Amino acid sequence: LAKTTQPISMDSYEGQEVNITCSHNNIATNDYITWYQQFPSQGPRFIIQGYKTKVTNEVASLFIPADRKSSTLSLPRVSLSDTAVYYCLVGETNYGQNFVFGPGTRLSVLP
Amino acid sequence: ETGVTQTPRHLVMGMTNKKSLKCEQHLGHNAMYWYKQSAKKPLELMFVYSLEERVENNSVPSRFSPECPNSSHLFLHLHTLQPEDSALYLCASSQDQTNEQFFGPGTRLTVL
């Protein structure tokens, strides 16, 4: 089970690009990298998932280097509503048995 | 609105009470999950159901009893809980072997 390490907290200002990096040195061949967002008193929300290189959707981009030992979630032009906790998870796609949520990164977007 | 609903949203119960949490998903998914999130702690996976069969039980005390009568409904039966069981209980669902889970809003449980 790959362990992930990410910063506990980050601050940013509205309109800036935010990059949150996650380390997963023991990632296995079959593991995918998944990011979730959670607002206070709500359930987490899936943001993006990738295996290698770069993945982009309407919300974020995910950059994964060739060795896959880390990944970076990039949020373009953040707003106050992006203030939340962001979780990086690593595991196989097998009904989530290996899904272990760490403490996540608490992003605070300031005006 | 994620397509996963949970009731009740808030619950206060004594240690000798018996109560149930309900989760319903309207997404046609075939896997459902219960998570526990205590204050200032990460989410903990409690139970996983796939095609109505339990596939994971992460050493959860027997005072928590899950039930999955069909692929759309999931229950968590609670009895003789402890104050340390107070937490946000989250239900999620997914389709097949995917890490994209859809979470409900949670039930905020307080055990007195």
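The figures that follow rest on heavy atoms only: side chains count, while hydrogens, waters and symmetry mates do not. Every chain is numbered from 1 and lettered A, B, ... according to where its sequence line falls, protein lines coming before strand lines. This one's a predicted model, so the numbers in the text were calculated from it and none came from an experiment.
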Mind ranking G43(A), P44(A), P103(A) by heavy-atom pairs under 4.5 Å with chain B and telling me who comes out on top?
P44(A)
Does the distance from a Lys or Arg side-chain N to an Asp or Glu carboxylate O, for D31(A) and R68(A), drop under 4.0 Å?
no
Would you mind checking which part of Q37(B) comes under 4.5 Å of any heavy atom in chain A, side chain (CB onward), backbone (N, CA, C, O), both or neither?
side chain
Can a cation-pi geometry be assigned to R45(A) and Y36(A), taking NZ or CZ under 6.0 Å from the six-membered ring centre and within 45° of the ring axis?
no
Within a radius of less than 6.0 Å around OH of Y13(A), do more than 12 heavy atoms belonging to other residues, nucleotides or ligands occur?
no
Can the ring centres of Y35(B) and F47(B) be said to be less than 6.0 Å apart?
no
Using non-hydrogen atoms and a 4.5 Å limit, figure out which bit of L43(B) sits close to chain A: side chain, backbone, both or neither.
both
